[in-house]
Amino acid sequence: MNKTFQPWEFEKRIYQKWIDEGCFTPKIDKTKKPFTIVIPPPNITGELHMGHALNNTLQDIIIRYKRMDGDCTLWLPGTDHASIATELKVVEMIKQKFNKTKAEIGREEFLRQAYLWKEKYGGRIVEQLKRLGSSCDWTREAFTMDERCSKAVREVFVKLYEKGLIYRDSWIINWCPSCRTALSDAEVEYEEQDSHLWHIKYPYADGKGYVIIATTRPETMLGDTAVAVNPKDKRYLDIIGKELILPLTGRKIPVIADDYVEMDFGTGALKITPAHDPNDFEIGLRHNLEVIKVIEDNGVMSENTEKYKGLDRYTARERIVEELKKEGLIEKIQDYKHNVGKCYRCDCDIEPMVSKQWFVKMQPLASPAIKAVREGETRFVPQRFEKIYFNWMENIRDWCISRQLWWGHRIPCWYCQDCGEQIVSRIDPKACKCGSKNLKQDEDVLDTWFSSALWPFSTLGYPDKTEDLEYFYPTSLLVTAYDIIFFWVARMIFSGLEHMGEVPFPEVLIHGIVRDPEGRKMSKSLGNGVDPILLIDKYGADSLRFSLSTGVAPGGDTRFSEDKMESSRNFINKIWNASRYVFMNTEGKDLKQMGAFEYTPADKWILRKLNGVIGEVRRNIEHYEIGLALAKLYDFVWSDFCDWYIELTKPILYSGDENKKTETLTVLVYVLKEILKLCHPFIPFVTEEIYSYFEKDILMVQKYPEQKKEYDFEEDFDIIKEIIVKVRNIRAEMNVSQTKRIPLYIVSKEKRDLIEECRLYIEKLAGVSQITFISDKGELTQKVSNAVTNHAELYIPLGELIDFDKEIVRLSKELEKAENEIQRGEKMLSNQGFLSKAPEKLVAEERLKLQKNIELKERIKSQIDYLK
RNA sequence: GGGAGCAUAGCUCAGCUGGGAGAGCGCUUGCCUUACAAGCAAGAUGUCAUAGGUUCGAGCCCUAUUGUUCCCACCA
């Protein structure tokens, strides 16, 4: 074994071994409990980022744990076609390669190029997931546009259409003028921007005066078809029903009354543009207003705007304001901050627009989905995210699912060019009812999230009743970041309920996002992102996994810094070297059976500790408290196993007693192997590699450690530890050289046997040359330094090294501590309320502590007197 | 406008059902001790944001306040 841990030497080899042995592929066994996780499919356009790394590390920890614990586990991987993101990439690629636009190259060729692109680059993220150690069943890898998933998409679309839950209509939608497609509400992000509130005069048609309206979007005025006021607004009561002249157009528009208008905002008069504002659109419907579209799909002014036609919407805004100023129709311009909708893919300003699109009717789907979570069929961890879910589901609007793109699932609807019939069908129709064969398929594709919503069952074979679907659905757990609860989690829940009649998973583990060392979100524009692959190259995948999962609590964000990578690597190196110590001492030796010999006090101590940590780690993982589990392992491995147990084995290994040596090595190897198993889900590569030095078998398929009753020893080895620490303490304070061995005198009545048995440990670990038991300090004739523990008084003759003043100061501090403790205990025990209401066990414990502290105090006091 | 989270050592954060404040990094001192200097040993460090309340007992529960981060809504 190398002196230091060198992950690049074995990570790829070990991953290949797991693959070759088929360790990731479950064998369906109906007598076993299935445990299934479907991966949140990364976009084929994506490069692995820290968010993916965190998400997949958590999934892998849980799935590896469940696999070792005996469940029939499936972690089903795959990728998402990411319709907008991929389309943008391919458009760019085509422009560079052929200097052609989408329209010029045509749909068929575009799709051919897109598939070529996908073949070339789409698999990259999958390779990156493998570097991380993800134990996905790659034989079941899915893609949202593969045959299986596409079949599910079409089935679901047709089913919902036939049920009347999918419809096509002209409605106000979010339009991205840059991506040139409609978007769902969830795909719009709002950002506060500095702007103005323009107050514009709209003259009465009868020529007497004007109404002033306030707007943030003057360019849309060309599409105004009314001005609305609140019916209760006394200022405007008499003008309701009057006509106004829309400036710059001369068109006549009415003044209408609608409750929606706030009286105390702006002027209390609101211009109504049904074609370009969602609220105005609703008002327009109520009042039957004309819809005049003034902005085109590409963000320029439409032909309805006459002389502004072809201008960009923001240029048009400036022109219009200028002209209004010229005509004296601008009352005032206020500075104003407001929220502007942005496209989540390209960051372009969203234009609300009336457009003919496909929608999913949400009400009937949302209600059961709300009920399911409310009744606990699906549980969010942590629970607070349920509120977010409810809030969204309860206020949901119909879901716009059509996208004016080519990369995606084409909408399975055909229009008869002769009779106008609309045919929605599972299979491509040959002819219309009217006999015409002149059919044209809808040009649009579906929202990417429409197919991801089906992921937990489409990947398992739906709509076919496959063995996988039968056995693995519903899945067991979903692990995802909180930022896609709406996009994905919520939609999977209602889709699962609707199409499978059952929630897709009983639990959702929500985690946070990875931030930079300053707590900022990692982003391309800030350039503060870190490439997980580079980190893996430098420190190894295990270090990255450890860094990401240490300190994570469900739902919490985590800050990442390279310092964490170093301390993670150091910990792994610690395990590596502890193993090296064990390996070097056991190589080629025959060991005994556990239980076939007498354990030393140190053995009993470590076995008991091991039992404790097994219980805690198991419980933490079951509750998805990954960070806590890891902290406990860290502490056990480093402090208990390495710092103490290994050191305690040295006196025995370096003694000449071959029999004892073999016994100690037996325990040492046993505990180490248990540690490797315990740590394996978190740091799979290094544990597997180390295990191979000891066993031929594969570690990842071993049984996860369980607590063993026979290791729950009654032991008081902590007394020995305390003696060792105290002696070391004196040595450090008295500046005794580390190599100098010193004699130790001990007064101990009740623990003398134990101390006697552990003599060797104390001598070796505390640098003691000889332990002598005495019955009273009066027996000592030399000048001694001393320390007191609860079970022993320690005396160390140090000759001239002793500084009595220093000693007295040190002991006085300890005396003070003991006195404080006594005070605290007396206060508690003199409290009637405590005595009568606190648990008996606790009261008894406090009594015992008090007793001990009083004894301790007396001993220290007598030491101080002795020194004076 | 509605909602949620967070506030604990110099920094990053744990602290599970209320019962003597913890870790890592950093810092001080001494050590290359035959697994490991990516290390060992011994240390120092806290008004648990503020003010009330519940309780025998509060970092933890309740109320208010302050600061901070985020999500949703979109009054033009």
Worksheet item: Mind checking the C1' distance from C61(B) to C48(B)? Whole angstroms is fine.
Response: 16 Å
Counting only side-chain heavy atoms from C-beta out, which of [options] sits nearest to [X]?
X	options	value
Leu270(A)	A35(B), C40(B), A76(B)	A76(B)
Arg619(A)	C16(B), C40(B), A42(B)	C16(B)
Tyr190(A)	A35(B), A73(B), G19(B)	A73(B)
Tyr336(A)	A37(B), G19(B), A76(B)	A76(B)

Practice prompt. Report yes if some heavy atom in the side chain of Asn2(A) is under 4.5 Å from a heavy atom in the side chain of Glu9(A); otherwise report no.
Written response: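 Result yes, sub-4.5 Å side-chain heavy-atom pair found.
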Any strand counts, and the cut-off is 3.5 Å on both contacts for Watson-Crick or G-U wobble. Which nucleotide pairs with [N]?
N	result
C32(B)	none
C70(B)	G3(B)
A9(B)	none
C61(B)	G53(B)
G43(B)	C27(B)
G18(B)	none

Worksheet entry | Contact nearer the 5' end of RNA chain B, comparing Asn570(A) with Thr267(A) |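 Checking each residue's closest nucleotide, the 5'-ward one belongs to Asn570(A).
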Worksheet item: Is it the case that Lys538(A) and Ser543(A) place a side-chain donor and acceptor less than 3.5 Å from each other?
Response: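 Checked: Lys538(A)/Ser543(A) side chains show no N/O donor-acceptor pair below 3.5 Å.
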Interface polar pairs with nucleotides 57-62 of chain B, N/O, under 3.5 angstrom:
none

Worksheet item: Centres of the Phe487(A) and Tyr344(A) rings: under 6.0 Å?
Response: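 Phe487(A) vs Tyr344(A): aromatic centres under 6.0 Å.
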Worksheet entry | Below 4.0 Å: OP1/OP2 of A35(B) and any side-chain N or O of Tyr654(A) |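 Checking Tyr654(A) against A35(B): at least one side-chain N or O falls below 4.0 Å of OP1 or OP2.
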